[in-house]
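Below: the structure, in structure tokens.
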Amino acid sequence: MRPVRFVLFPFLLLSYLHFLVTCLNVPGTRMGQTSALVGTKLYFFGGSSATTNATLNVGLNYSNEVWYLDLSNSSLFNTAIPTWYKDAEMPIANFFDTSCVSPTNNSAIFIFGGRQLLPNSSIISYNSPVYRFDPNNNSIWSIPNITGFNSTFITRNLMKAVIDNTRRVFIFGGTSFKVNNSDTSPVMHYNDMNILDLTNMTWSTLVIPQAPPYYSYAATILPTGLIVYIGGLDYFSDASQVNMSEIRIFNTTSFIWSSKPVNGSSIESRIGHSAVLGQNNDIIIYGGSKYNADVGPYGPQAFPNLVVLNTNSWTWSIPDIPPTNTPQPLSFHSAALYKNYMIVAFGLVASSSGYYNKNLYVLDTQKYVWIAINNTATTTKGSTSQKTQTNKAQGTSNSSPNNGLFIGVGVVSCIVFIGMASFGIFLFFKGRNRNYKK
Ligand SMILES: *[C@@H]1O[C@H](CO)[C@@H](O)[C@H](O)[C@H]1NC(C)=O
Ligand SMILES: *[C@@H]1O[C@H](CO)[C@@H](O)[C@H](O)[C@H]1NC(C)=O
Ligand SMILES: *[C@@H]1O[C@H](CO)[C@@H](O)[C@H](O)[C@H]1NC(C)=O
Ligand SMILES: *[C@@H]1O[C@H](CO)[C@@H](O)[C@H](O)[C@H]1NC(C)=O
Ligand SMILES: *[C@@H]1O[C@H](CO)[C@@H](O)[C@H](O)[C@H]1NC(C)=O
Ligand SMILES: *[C@@H]1O[C@H](CO)[C@@H](O)[C@H](O)[C@H]1NC(C)=O
Ligand SMILES: *[C@@H]1O[C@H](CO)[C@@H](O)[C@H](O)[C@H]1NC(C)=O
Ligand SMILES: *[C@@H]1O[C@H](CO)[C@@H](O)[C@H](O)[C@H]1NC(C)=O
Ligand SMILES: *[C@@H]1O[C@H](CO)[C@@H](O)[C@H](O)[C@H]1NC(C)=O
Ligand SMILES: *[C@@H]1O[C@H](CO)[C@@H](O)[C@H](O)[C@H]1NC(C)=O
Ligand SMILES: *[C@@H]1O[C@H](CO)[C@@H](O)[C@H](O)[C@H]1NC(C)=O
Ligand SMILES: CC(=O)N[C@H]1CO[C@H](CO)[C@@H](O)[C@@H]1O
């Protein structure tokens with residue numbers, strides 16, 4: 001046995017080095033990313049990170065990274081260390097964008113708007129306001145051809161897209177951003193509903209005069225086809241926080257916008273909060289910060305951190321959650337519902353300006369308890385040797401099937417190496433035992 005072990009040892013060492021270098025690669029801090037759940041995979045696109053106190057303007061560290069968690073093996077839910085996978089990078093670095101998943105078309109993810117930079121640069125660049133990512137087709141990034149696109153949407157950010165069951169995407173309002181570094185035009189605030197019909201890729205813009213320009217809200221579509229808009233900022237001559245007891249509703253059949261008074265618990269106004277649709281059409285709101293013109297999004301935490309809107313009775317309630325595994329107060333994070341689990345990720349730590357989060361938090365929305373997540377590994381700085389190729393931003397369709405294949409190979413090689421290493425260890429100890437028995 002001794003010669004076998006002798007041969008195995010360097011291999012074991014190499015396997016583990018490969019594992020440490022390639023496989024423990026984890027995403028850094030970020031905020032303003034968009035996330036999308038496709039099957040059991042929860043994707044995170046871009047975001048902005050800064051190691052210093054920064055204002056949310058140009059010259060920041062925007063990311064074009066794509067990371068995902070595979071929730072199928074529940075590694076998240078048994079206190080194991082979450083495993084991160086890296087996928088084909090976005091053609092642009094982007095944050096404050098929004099996304100939705102097509103129920104058909106092989107679950108393509110469409111990404112809308114956001115503040116865009118060329119990757120690894122501070123060069124503002126708007127090649128396309130809409131990108132398509134095909135997670136189930138070699139992770140191909142492409143720019144869809146859209147009929148009737150409204151060019152005022154190009155630099156739109158701080159809005160939320162929802163998709164209905166007829167494959168229409170609805171995006172209300174938002175703000176504009178600089179077209180390039182020498183653009184000194186004023187920031188615009190919009191009160192239009194932009195609708196993209198994915199069945200024929202047709203865009204239409206519905207201007208709603210009775211609605212104020214509105215952004216940094218949370219939007220959720222109910223099975224009845226009503227879109228529920230919560231919190232955020234109105235803009236008349238200045239930004240003003242929207243009262244949480246005044247819920248705005250858009251009927252996707254009649255295209256009528258209305259306001260609904262909400263009773264129950266008193267909830268502080270907020271921006272940068274998340275919303276997921278839980279059981280019984282409850283909307284679960286997490287996080288957000290109080291807006292203040294001086295500090296912008298770096299405002300203090302809005303209370304309470306987690307609130308629930310019952311959309312049958314239109315009342316707010318504050319669930320009684322045990323004070324264990326409680327997340328940091330976050331804003332401009334993302335939240336997604338997988339089965340009964342609400343997965344909260346990244347974001348700004350509210351009330352601590354300039355501090356960004358990289359941890360994950362998981363709420364069991366049936367029992368209303370935060371479950372234990374081992375975020376230890378996410379504080380381990382992994383070397384970024386994973387060989388991901390960056391797409392070149394192009395004006396036309398941007399198909400690069402090699403990207404996805406390459407990542408695929410990377411992930412498979414990780415798994416193969418872990419497998420081989422484990423097998424090696426198995427043989428190693430098997431050999432030891434035998435020697436011991438002898
Ligand atoms: C930019 O973001 C990356 C990834 O989050 C991070 O590792 C790096 O430190 C950031 N750089 C700066 C200057 O903030
Ligand atoms: C989605 O699939 C339908 C057919 O099911 C096709 O007509 C349509 O063009 C596709 N849309 C996109 C964006 O690929
Ligand atoms: C951006 O920087 C990362 C990390 O240094 C690198 O892996 C990637 O290839 C760069 N992308 C581009 C388009 O230069
Ligand atoms: C995958 O992408 C390629 C290239 O864009 C396309 O030709 C093919 O139809 C796609 N396959 C599926 C199943 O969508
Ligand atoms: C968009 O249209 C152009 C010109 O008709 C075509 O070359 C390109 O392949 C199309 N892109 C997609 C994603 O269909
Ligand atoms: C920057 O944007 C402004 C406003 O749209 C435009 O007038 C100017 O030509 C642009 N400059 C460059 C260098 O693209
Ligand atoms: C796109 O499809 C929708 C729904 O089928 C339809 O109402 C709309 O008229 C179509 N648009 C065009 C330009 O064909
Ligand atoms: C495009 O959007 C702008 C801003 O909401 C609006 O004023 C304009 O009417 C829209 N154009 C079309 C053709 O819908
Ligand atoms: C939406 O509007 C349509 C048409 O006016 C109406 O029939 C429907 O009841 C409304 N939906 C809800 C949930 O109120
Ligand atoms: C961050 O910068 C802003 C603007 O310069 C300043 O008002 C704020 O106090 C700073 N925060 C911290 C924690 O340094
Ligand atoms: C989390 O993972 C680290 C690294 O493997 C381990 O040292 C630590 O004990 C784990 N913590 C918990 C609470 O399981
Ligand atoms: C991400 C991951 O580990 N996925 C695995 C989950 O379990 C199935 C079946 O055991 C495997 O096929 C996947 O590779």
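Residue numbers count from 1 along this sequence. Counting starts at 1 for both ligands and their atoms, in listed order. Source: prediction; values computed, not measured.
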query: Does NZ or CZ of R30 come closer than 6.0 Å to the centre of the six-membered ring of F44, within 45° of the ring's axis?
result: no

Numbered in order shown, the ligand 4 atoms found under 4.0 Å of a heavy atom of N106 are 12 (C), 13 (C), 14 (O)

At a 4.0 angstrom heavy-atom cut-off, ligand 6 is contacted by N180, S182

task: Assess the side chains of T365 and N340: does a donor N or O sit below 3.5 Å from an acceptor N or O?
output: no

Compute the shortest N/O to N/O distance between S142 and ligand 5 and return yes if it is under 3.5 Å, no if not.
no

The side chain to side chain contact (heavy atoms under 4.5 Å, CB included) partner of W203 among V169, V130, I195 is V130

So the atoms of ligand 4 within less than 4.0 Å of a heavy atom of I140 turn out to be 2 (O)

For Y62 and Q116, which I'm curious about, is there any donor-acceptor pair between the side chains at under 3.5 Å? no

For I143, the atoms of ligand 5 under 4.0 Å from one of its heavy atoms are 13 (C)

Taken in chain and number order and not counting sequence neighbours, the residues that satisfy salt bridge (Lys or Arg N to Asp or Glu O under 4.0 Å) with R168 are D164

Please work out whether the ring planes of W257 and Y229 are parallel, tilted or perpendicular, with thresholds of 30° and 60°. tilted

Point to revise | Pair F332 and F96, ring centroids less than 6.0 Å apart | key: yes

Notebook entry, point to check: So T40 and Y338, side chain to side chain contact (heavy atoms under 4.5 Å, CB included) or not? Walk me through it.
Noted result: CA-CA 8 Å; T40 62; Y338 173 74; 3.8 Å; yes

